[in-house]
Protein chains: 2
Amino acid sequence: MTPKPVTSLGYALLGLIRQQPRTGYALRKVFETTPMGSYSSSPGSIYPALAGLERLGLIEARDDGDDRKARGKGLFHLTPAGSAAFGAWLAGPVDGKDLTTAMLRFSFLRAGSDRALIDAFLDSFEAAATQQAGGLRQFLAGEIGRAMPLQSRLAVEYGCRQFEAGAQWAVWAKTVLRGD
Amino acid sequence: MTPKPVTSLGYALLGLIRQQPRTGYALRKVFETTPMGSYSSSPGSIYPALAGLERLGLIEARDDGDDRKARGKGLFHLTPAGSAAFGAWLAGPVDGKDLTTAMLRFSFLRAGSDRALIDAFLDSFEAAATQQAGGLRQFLAGEIGRAMPLQSRLAVEYGCRQFEAGAQWAVWAKTVLRGD
DNA sequence: CCAACCATGTAAGCTGTTACATGATTGA
DNA sequence: TCAATCATGTAACAGCTTACATGGTTGG
């Protein structure tokens, strides 16, 4: 029952594999050709990560398919355990300190089947972002904040605005998903 | 002439020490009590980092002061080499892929003496953020982007908005600094 | 036939995290 | 005197980055 031996790169891989079974190389390509690249750079990290997930029994490689497209080890599939672990991760709470990871999760929710999770996510994302922004504004108004050099205060203001933009995004995303 | 053996935590430490000489403990406190905490968590990283900076000759501990406030090793000061290295870092270009580090740098510029650097920074920060946002919008409009699941597209939109908020912050910061 | 791309990895090194360990001093 | 805070570290471990190494296949 050890809860989290899986890193965010691991979850990214699980999510992509859940979307459709892929080879290690195809996974690398996704990171190279999409903004998801910010979650990893190439080979040296993803192959070891895949090996780790396989060792944990969350994915397995199958020489899947009648045609010989599978040159290497074949396509990775989620095992039932992998599916369960990924599902649990998807349903977890939004951590205010790590909105980037939260967004990764969001990108793997499916408009069709996960509607309830999506609504819950957006609500708690908005709340978390608003709260973080509030914390920073409070800091700025407090003793330490007022004593900081101007540049530092401006930098903190940047953080506030980032969080506020995040909260606004959540509101916007809700309207988009409603009028779909 | 090995260019960059200093990490962003290292630069954060150099910057804080430049603001005023401090003990290792005082530096830890800054990370614990300000939003700068996002650049590190405690002891296990900052003491080794300080040791590294000392080994590189960028800082040195002095039993500075007539009164015995210095219980431990004393206060860390920048050496001339440290001052030069930090100054060079401050004057470097804004890397679009790492706006967080850029913001750390910004927070250490001084409204009094670094006016030229500040103006240059804000201009190039705005440009970088705008460009990153544009890249993401272009991606969304392209083949791969249009083929992605809705959730993923919304997540990318989040990224756009973050960058756009960054660009807007830069514009705002310029007006603040002008009317000072 | 040669370049590009498919496909998979290994190895060294650095950084950071967590958790533990220690001891002096100050204030209630 | 007892807890909190000042003050400094170490050790084990995990993860990522960079760079290198290896081969098969396909298209011009």
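Throughout, a chain's letter reflects where its sequence line sits, starting with A, and its residues are numbered from 1. All of these numbers come straight from a predicted model, not from anything done at the bench.
- Looking at residues 48-57 of chain A, you'll see that no heavy atom sits under 4.0 Å from any atom of DNA chain C.
- Residue contacts for B/Gly44: at a heavy-atom cut-off of 4.0 Å it reaches a base atom on one of the strands shown.
- Summarising the geometry, the separation between CZ on B/Phe31 and P on C/dT15 is reported as 15 Å, rounded to the nearest angstrom.
- B/Asp123 meets the salt bridge (Lys or Arg N to Asp or Glu O under 4.0 Å) test with B/Lys174; sequence neighbours excluded.
- Residue B/Val176 is grouped with residue B/Leu109 when hydrophobic side chains (ILVMFWY) are merged at heavy-atom distances under 4.5 angstrom, including chains of intermediate members.
- Taking only side-chain atoms of A/Arg28, from C-beta outward, the nucleotide of D/dC16, C/dT8, D/dA7 with the closest atom is C/dT8.
- A/Thr7 has no side-chain polar atom (N or O) that falls below the 4.0 Å cut-off from OP1 or OP2 of D/dG15.
- Contact check, A/Lys29 against C/dC5: no side-chain N or O comes under 4.0 Å of OP1 or OP2.
- For the pair A/Glu32 CD and C/dT8 C1', the computed distance is 14 Å after rounding to whole Å.
- The interatomic distance linking A/Ile46 (CD1) with C/dT10 (C1') rounds to 15 Å, in whole Å.
- Between A/Trp89 and A/Phe108, the angle of the ring planes lies from 30° to 60°, which puts this pair in the tilted group.
- Between B/Tyr25 atom OH and D/dG9 atom P there is a gap of 15 Å when expressed in whole angstrom units.
- Atom pair A/Tyr39:OH and D/dT17:C1' shows a separation of 19 Å (rounding to whole Å applied).
- Remark: B/Phe121 pairs with B/Phe106, B/Phe125 by the ring pair (Phe, Tyr, Trp, His ring centres under 6.0 Å) rule, at least two apart or across chains.
- Comparing C/dG16, D/dT8, D/dT17 by their nearest atom to the side chain of A/Ser40 picks out D/dT17.
- Side-chain N/O atoms of B/Ser45 include none lying less than 4.0 angstrom from OP1 or OP2 on C/dT15.
- Look at CG on B/Leu9: it is 9 Å from C1' on C/dT15, rounded to the nearest Å.
- Side-chain atoms of A/Ser40 do not come within 3.5 Å of backbone N or O of A/Leu9 as any donor-acceptor pair.
- Between the OH atom of A/Tyr47 and the C1' atom of D/dG23 there is a distance of 13 Å, rounded to whole Å.
- Listed for the A/Asp114 side chain is no donor-acceptor partner under 3.5 Å among the backbone atoms of A/Leu117.
- Between A/Tyr11 atom OH and D/dC16 atom C1' there is a gap of 18 Å when expressed in whole angstrom units.
- A/Trp169 places no side-chain N or O within donor-acceptor distance of the main-chain N or O of B/Ala155, the cut-off being under 3.5 Å.
- Listed nucleotides C/dC6, D/dC16, D/dG9 differ in distance to B/Lys73; the shortest reach to its side chain belongs to D/dG9.
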